Amino acid sequence: MADPAIARRYQELCTEIRRHNRLYYELDRPEISDADYDRLFRELQQLEAEHPELGSAASPTRQVGARPSGTFSPVRHTVPMLSLRNARDLDEFAEFDRSLRQTFLGGSDILEYACEMKLDGVAVELTYEQGRLVRASTRGDGLVGEEITANLLTLKSVPRSLQPGCPELLDVRGEVYIDLVDFQALNRRQEESGAKTFANPRNAAAGSLRQLDPDITATRPLKIFCYGVGRCSAALPASQFILLAQLRQWGLRVNLDETRVCTGPDQVAACFADLQARRDRLDFEIDGLVIKVNRLALQEELGEINRRPRWAIALKFPPRQARTVVESVELQVGRTGAITPVAHLRPVNVSGVTVSRASLHNWDEIARLDLRVGDHVIVERAGDVIPDVVKVLTAERDGSQTAVPLPTACPVCDSAVLKPAGEVVPRCGNGACPARTIERLKHFVSRAAMDIEGLGEKQLRQLIELGKIEDVADLYTLSEADLFALERMGNTLANKLLRAIEASKSRPLSRLIFALGIRHVGEHTAKLLARHFASLDQLANTDPEQLKRLHEIGDKVAESVVDFFRDPAQQALLAKLTARGLAPQTEAVVAQGGPLAGQSIVITGTLQHWTRQEIEELVERLGGRSASSVSKKTSLVIAGANAGSKLERAQTLGIEVIDEETFQQRIAGWEQA
Ligand code: IVH
């Protein structure tokens with residue numbers, strides 16, 4: 001058994017990586033750079049290598065992407081869409097090459113590779129039957145993706161029909177991306193219309209593909225490069241390179257001109273160096289090289305492991321870094337009053353992009369870096385995510401550098417700063433602080449909250465300055481005339497905005513709970529709460545004990561929820577919201593029964609299909625309660641691989657035990673009923 005501290009770190013990493021997967025794949029809202037993500041992923045891989053007893057089939061190292069969101073119809077990929085292993089540097093690639101030759105080719109041959117650009121976009125599959133495009137889907141979790149045919153058909157580079165001579169059946173895979181100039185233009189348009197801007201081209205491509213309205217996708221200048229096949233009814237050519245040429249002949253867009261056939265690791269190294277040198281002059285963002293064994297017969301022989309092919313590896317570029325000076329540190333006040341330090345940097349060009357700010361996160365981070373104003377620092381940029389300071393060059397200090405003290409007063413409203421013992425973040429305690437007001441409004445209208453499109457920071461600030469709004473409830477009193485006072489606001493836009501505001505009145509309760517900005521209540525917790533409370537009133541009248549009985553709700557969240565609803569200012573705001581017509585839709589399933597109503601379910605062993613959290617949520621959505629130990633009161637045990645003592649106990653007590661597949665079949669039955 002692994003040491004408890006290691007097991008804890010393992011769990012932490014799994015949870016953290018799953019959270020970042022969701023932010024990246026489902027919400028298009030990454031919080032960390034790819035390089036930081038890769039660091040977490042590698043730490044997890046290393047832990048699993050050192051402690052094989054920790055790994056499970058549900059580990060993020062054995063999964064691909066994210067599960068489909070449920071907004072579009074599911075599409076099963078007949079041939080699974082795989083992910084890629086990463087090599088950190090050329091040495092790791094040389095090791096990959098050596099191990100392939102040693103293990104599979106007797107150590108002697110020199111391998112030929114097809115080296116392709118690793119495009120930073122979204123993986124999709126196009127299915128052609130009798131030469132006609134019949135379906136397009138996202139990768140999803142590799143096995144099941146989402147149907148996005150109508151959206152893909154808006155891309156000029158996706159042919160509806162293939163050229164004569166194409167196979168009867170063809171699944172072709174490729175990457176949908178957006179050129180850098182188009183990305184910048186799109187963001188300018190988004191900003192002008194008050195819609196949210198995208199953090200980087202990948203997010204813009206992902207967000208554009210996931211539009212419910214294909215007319216919106218049609219306005220986004222997306223492109224595709226195809227790089228592989230799933231099912232193909234015709235015989236495949238000898239190599240990856242010829243396959244790309246073949247795809248081009250059939251009418252598909254491929255990046256053949258930038259694909260190199262390299263023999264052995266030295267040629268691959270030269271190709272990588274050449275690409276890195278040209279990276280910043282390309283029309284689109286790439287994040288490295290994909291190196292594939294060129295011979296398709298050998299690819300077939302090598303197969304896959306952990307949903308990653310043995311015959312391919314991605315060699316990523318190192319993060320873009322530059323050296324500069326911290327000119328000042330600005331303190332930003334967030335919606336909950338949290339004060340965050342942001343470094344203002346002497347502007348520096350980091351491969352084509354001018355960087356002048358970097359997040360410092362908190363004072364623990366400042367202490368860890370030992371950062372002072374005036375310091376020379378190394379900043380790192382990943383995509384267009386706000387850069388990080390990764391290192392302070394302390395040897396460059398000349399004595400003029402000054403520390404960044406913890407603030408005692410709010411930098412915006414000057415009220416006292418609170419910093420309870422044990423918390424790392426100082427907070428402005430004034431609920432009416434102007435900085436907090438604008439952040440609360442921004443949060444309330446944001447996509448994951450009330451989703452009022454067309455109200456960006458600029459518009460909200462103007463509405464405050466014009467005296468039209470003071471709090472979120474005032475949004476519901478805005479008239480067409482009020483909106484006309486905003487810059488660039490015509491008839492059409494104003495009406496669209498009014499409709500968006502009106503529509504937000506009946507969003508699901510979980511969104512409103514999230515939108516209220518209760519401390520420690522993120523999207524996930526808001527959903528949990530909405531599943532148990534049929535209305536905001538019910539939630540407001542609950543007590544901490546009742547909340548703590550809910551699965552996943554701990555002391556911190558329970559106290560915070562109760563404090564929020566006890567606060568007279570919040571009570572007044574909620575009354576105002578109700579008076580102005582807010583009527584969120586209830587999502588409470590527990591209260592309404594469900595096929596597992598009243599049942600206590602224990603889940604044990606390793607599951608293939610769900611993570612522990614996912615299946616527990618599912619059980620609760622179906623009305624059941626998931627319990628951690630088996631007793632006489634247990635109604636059902638769902639057992640995965642290597643189930644141990646809980647399974648034995650269930651058998652002794654004569655409790656029904658089913659496997660994952662049976663549970664899936666039952667759910668399917670309930671859904672049909
Ligand atoms: S091959 C079986 N080729 O990288 C190999 N992928 O991390 C899997 N990608 O899901 C795909 N450019 O979204 C391949 N030239 C390329 C690629 C490429 C970008 C993406 C793709 C894939 C991800 C794997």
Side-chain angles (χ1 to χ4, degrees), residues 17 20-21 24-25 28 30 34 37-38 41-42 45 60-66 77 79-88 96 113-126 136-143 145-146 148 171-178 200-203 205-206 209 222-232 236 239-241 243-244 247-248 252-262 268 271-272 275 279 282 284-294 296 298-300 302-317 383:
I17 292 173
H20 290 302
N21 279 347
Y24 185 91
Y25 289 111
D28 309 326
D34 285 2
Y37 177 88
D38 288 345
F41 199 87
R42 276 174 179 277
Q45 276 178 324
T61 58
R62 304 198 197 173
Q63 290 180 348
V64 171
H77 303 297
V79 178
M81 288 180 80
L82 305 177
S83 180
L84 286 172
R85 279 191 277 170
N86 284 327
R88 205 178 343 195
F96 164 88
Y113 295 101
C115 296
E116 299 172 9
M117 288 183 169
K118 185 166 192 308
L119 300 148
D120 202 6
V122 184
V124 298
E125 177 172 77
L126 309 171
S137 52
T138 60
R139 178 174 73 165
D141 65 0
L143 300 175
E146 293 180 314
I148 48 162
D171 290 331
V172 62
R173 276 97 191 254
E175 195 85 350
V176 170
Y177 69 95
I178 187 165
N200 54 44
R202 199 209 81 91
N203 292 340
L209 273 190
L222 300 172
K223 291 183 175 166
I224 192 170
F225 270 134
C226 298
Y227 50 64
V229 297
R231 294 172 304 173
C232 177
L236 290 177
S239 70
Q240 171 69 18
F241 190 82
L243 174 67
L244 293 180
L247 293 176
R248 174 181 280 182
L252 293 154
R253 188 164 184 261
V254 290
N255 197 7
L256 192 60
D257 305 343
E258 285 289 359
T259 300
R260 307 269 178 270
V261 174
C262 296
V268 170
C271 171
F272 184 66
L275 192 57
R279 176 188 190 193
L282 299 173
F284 43 82
E285 187 83 88
I286 60 171
D287 51 1
L289 196 61
V290 183
I291 307 158
K292 303 176 179 175
V293 167
N294 197 27
L296 295 187
L298 188 50
Q299 287 189 3
E300 174 87 26
L302 290 171
E304 65 185 78
I305 180 165
N306 285 345
R307 314 264 295 273
R308 283 149 180 89
R310 274 209 188 84
W311 45 266
I313 196 158
L315 185 53
K316 297 250 198 112
F317 296 129

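These figures come from a predicted structure and were not determined experimentally. Ligands are counted one by one from 1 in listed order, and the atoms in each one are counted from 1 as well.
E116 and K292 are joined by a salt bridge, as a carboxylate oxygen and a charged side-chain nitrogen come within less than 4.0 angstrom of each other. A salt bridge does not link E175 with R173: none of the charged nitrogens is closer than 4.0 Å to a carboxylate oxygen.
Other residues, nucleotides and ligands place more than 12 heavy atoms under 6.0 Å from the CD atom of E304.
V79 and G230 make their closest contact through CG2-C, 3.9 Å (heavy atoms, listed as atom of the first residue, atom of the second, distance).
Protein residues having at least one heavy atom under 4.0 Å from any atom of ligand 1 are L82, S83, L84, E116, M117, K118, L119, A123, R139, E175, Y227, V290, K292, P309, W311, listed by chain and number.
In summary, of the residues considered (L298, I291, V293, L296), a side-chain contact (heavy atoms from CB on, under 4.5 Å) with W311 occurs for V293 alone.
Using bins of under 30°, 30° to 60° and over 60° for the plane-to-plane angle, the ring pair F96/Y113 lands in the tilted bin.
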